[in-house]
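Each remark here refers to the structure printed beneath this line.
Lettering follows sequence order; numbering is per chain, from 1.
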Number of protein chains: 2
Amino acid sequence: MPVTTRHDPSHREALWELESAFDRGALITVFGACSVEYRGRAASSLGPGDRLLILKPDGAALVHTDEQRTPVNWQPPGSTHHAAVRDGRLRVRSERSSPDETLIVRFSTVHQLSAMAVTGGRDLAVTGSEADLRRRILADPALIEPGFEPTAIERDSAAGPMDVFGVDAAGTPVVLELKRRRVGPSAVSQLGRYVDAVAEERSAAATADDPDSDDPDAADSGTAADASDTDRVRGILVAPSITDRAAELLADRGFEHVALDPPAPAGDDTGADDTDADDADTDDVDADDAPSS
Amino acid sequence: MPVTTRHDPSHREALWELESAFDRGALITVFGACSVEYRGRAASSLGPGDRLLILKPDGAALVHTDEQRTPVNWQPPGSTHHAAVRDGRLRVRSERSSPDETLIVRFSTVHQLSAMAVTGGRDLAVTGSEADLRRRILADPALIEPGFEPTAIERDSAAGPMDVFGVDAAGTPVVLELKRRRVGPSAVSQLGRYVDAVAEERSAAATADDPDSDDPDAADSGTAADASDTDRVRGILVAPSITDRAAELLADRGFEHVALDPPAPAGDDTGADDTDADDADTDDVDADDAPSS
DNA sequence: TTGTTCATCTCGTCG
DNA sequence: CGACGAGGTGAACAA
């Protein structure tokens, strides 16, 4: 029996079912009228209403209303669920530590409680990620510009690891920051941090190599403006597109933008029409739902 | 009847129920063995397994496994759900445009289908947000430093709106960037963008006011280093704490950190123990669940 | 619609 | 654990 369900159980009955479902490691749904309190990283209060509570065997808890993709309240995986009947009412509490967080759902009525035995794969294969974009570039560096040569990926710097590091045709170091979608100002700043870090590295190495140049004050500037041309580090933002503001910031810093999409996952076959071979009119039935908005 | 449920329905029966539930604007859960395909901003494929599909009347769709807070697959609100029986199997497709996205769930078995009539409030009152932190500062600006005076909130700049803008005791302009939790490098960059924008504004205004200073090249530097002291703009990052790397970047830019938490929502009463008055031993029952990790 | 930022972001990965 | 960045981020809000 992959699922057991109780309709309009008493609060006591609901508790017994929960207890049993916890033991079995089931995925639990509780639909009922409830109020919800949360306290932890922030604090929140949700007044009475019908909601769907989902309790997962990994400790995750979700409270869903009839709207939104995001739960109104939740608890992350790793939490511990407690159920009790208090004052005759079912109460579910989910707690975790570090950070200390508590979610409490108080039911006034339980309409339905289900416990489901979940099996099977949860490995999702996604394409179109930033990693895919990187593979695309490494496979054909000329997509960035003729003569570009990647020398490292995830190369570390004082500001963190850079997506792609390399040199251009003239031997000038180049930092690439990759984004799978249109970018705003923050991506430019991120690129800037990496470029500054590399420029800093190089100017430090240069002064160490060359005892003649003792110019400590001038050396600590991190901007491209006052770096000599030989010390220049290029920054290229690789993304499908860029906002106006980001473009301004990019220009201010003397960085560049290369428009590039993550590789398309080939033909648009969601199987919408032709996966099951027979696409003629069959006795298949259909039902539609347009959102009421 | 707030809930209707079908156990092990035929695929045809499941379709009828879905059709009816769509019409009623119900919150639908379907538990069964299925595969899931997504294509849109990215693309993904999920092999066979038992999952819980949730269809909301606002067009949201969620596919949940027994793990994680985040659904393995989903569709945002505003999507349109279609159900059909194809090749004898229930298939649910959810689509939306801009961006074009399609989610397809193909069931091999439907264990349970429920339709719930959801009513009641979904207004969540949250405390401890960045807005609360801002209110706290505006109520007592001395928390930043003696003599600090806020002059504007969400004041716009070329780099976007600043959380709080003001002047210090010496009349020097100050930009505050607020964060409700510990911050890393990106917050420093964000603050930097605003400070640069204000400094730019002021230097532009100064050259406009003063016809003597025609020094177009020197004026376009955005760093604090070469700005004269009278043109200086202070940047203060207000957050509970800050990472080491962020502290370095902050120092590089000559910015400051003020340690400040969002206001605590008073006593830690999640109602865990004493909300229902009687906290003596009653005949209340308990059940626990520790995550199996 | 697009742009920008906050979020109890969540999630992975790497020291 | 903490730090850092990606994400089909989602969601609110302003232009």
Side-chain angles (χ1 to χ4, degrees), chain A residues 38-44 60-63 67-79 96-103 124 126-134 154 156 159-163 177-187 190 193-194 241-246 262 265, chain B residues 38-44 60 62 67-78 96-103 124 126-134 154 156-157 159-163 177-187 190 193-194 241-246 262 265:
Chain A
Y38 160 76
R39 195 163 286 261
R41 285 169 288 175
S44 75
L62 315 172
V63 181
E67 288 187 346
Q68 302 270 66
R69 204 216 66 149
T70 306
V72 263
N73 277 112
W74 70 90
Q75 198 69 296
S79 309
R96 72 157 176 168
S97 42
S98 56
D100 258 314
E101 290 187 299
T102 306
L103 178 75
L124 185 72
V126 189
T127 60
S129 64
E130 182 183 302
D132 291 320
L133 176 56
R134 184 177 67 198
E154 301 293 326
D156 210 5
M162 294 170 282
D163 287 338
E177 175 59 33
L178 314 185
K179 293 294 172 194
R180 67 172 303 283
R181 62 174 191 176
R182 183 174 176 84
V183 296
S186 65
Q190 192 184 349
R193 293 200 300 273
Y194 298 143
S241 60
I242 181 173
T243 66
D244 288 351
R245 194 115 76 185
Chain B
Y38 160 76
R39 195 164 286 261
R41 286 169 289 175
S44 75
L62 315 171
E67 288 188 343
Q68 301 272 63
R69 202 216 67 150
T70 305
V72 265
N73 276 115
W74 71 90
Q75 200 67 294
R96 73 157 174 167
S97 42
S98 61
D100 257 315
E101 290 187 299
T102 306
L103 179 75
L124 184 72
V126 188
T127 60
S129 64
E130 182 182 301
D132 291 320
L133 175 56
R134 184 176 68 197
E154 302 291 326
D156 210 6
S157 78
M162 295 171 282
D163 287 339
E177 174 57 36
L178 314 185
K179 293 294 171 193
R180 66 173 302 284
R181 63 173 192 175
R182 182 174 176 85
V183 296
S186 64
Q190 191 182 353
R193 292 200 299 274
Y194 299 143
S241 60
I242 181 173
T243 67
D244 288 351
R245 192 114 75 186

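- Using a 4.0 Å heavy-atom distance criterion, B/D244 is classed as making no nucleic acid contact.
- Taking 4.0 angstrom as the limit, A/R39 places none of its side-chain polar atoms (N or O) nearer than this to OP1 or OP2 of C/dT8.
- B/D163 pairs with exactly one of B/Q190, B/E177, B/K179 by the side-chain contact (heavy atoms from CB on, under 4.5 Å) rule, that one being B/E177.
- Residue contacts shown for B/P185 are limited to sugar-phosphate atoms, with no base heavy atom under 4.0 Å away.
- Side-chain proximity of B/E130 to D/dC4, C/dC6, D/dA11: nearest is C/dC6.
- For C/dC9, one of the phosphate oxygens OP1 or OP2 lies less than 4.0 angstrom from a side-chain nitrogen or oxygen of B/R181.
- The main-chain N or O of A/R41 is never found under 3.5 Å from a side-chain atom of B/R181 such that the two would form a donor-acceptor pair.
- Distance alone, capped at 3.5 Å, is enough to place a donor-acceptor pair between the B/Q75 side chain and the B/E101 backbone.
- C/dT4 and C/dT8: their P atoms are spaced 23 Å apart (whole Å).
- Considering only side-chain N and O atoms, A/T243 lies under 4.0 angstrom from the phosphate OP1 or OP2 of C/dT4.
- Contact annotation for A/A60: no contact, since no heavy-atom pair falls under 4.0 Å across all strands.
- When distances run from any side-chain atom of A/R180 to the nucleotides C/dC11, C/dT8, D/dG8, the shortest one goes to D/dG8.
- Residue B/S186 is classed as having no contact, given no heavy-atom separation below 4.0 Å to the nucleic acid.
- Using a 4.0 Å cut-off, some side-chain N or O of B/Q68 falls inside it from OP1 or OP2 of C/dG12.
- Inter-residue side-chain proximity for B/R134 and B/S129 is flagged as unmet; no heavy-atom pair is nearer than 4.5 Å.
- Taking atom P in both D/dG8 and D/dC4, one finds a spacing of 23 Å when rounded to whole Å.
- Nearest nucleotide to the A/R182 side chain, out of C/dC6, C/dT2, D/dG8: C/dT2.
- The separation between A/D132 atom CG and D/dG8 atom C1' is 13 Å, rounded to whole Å.
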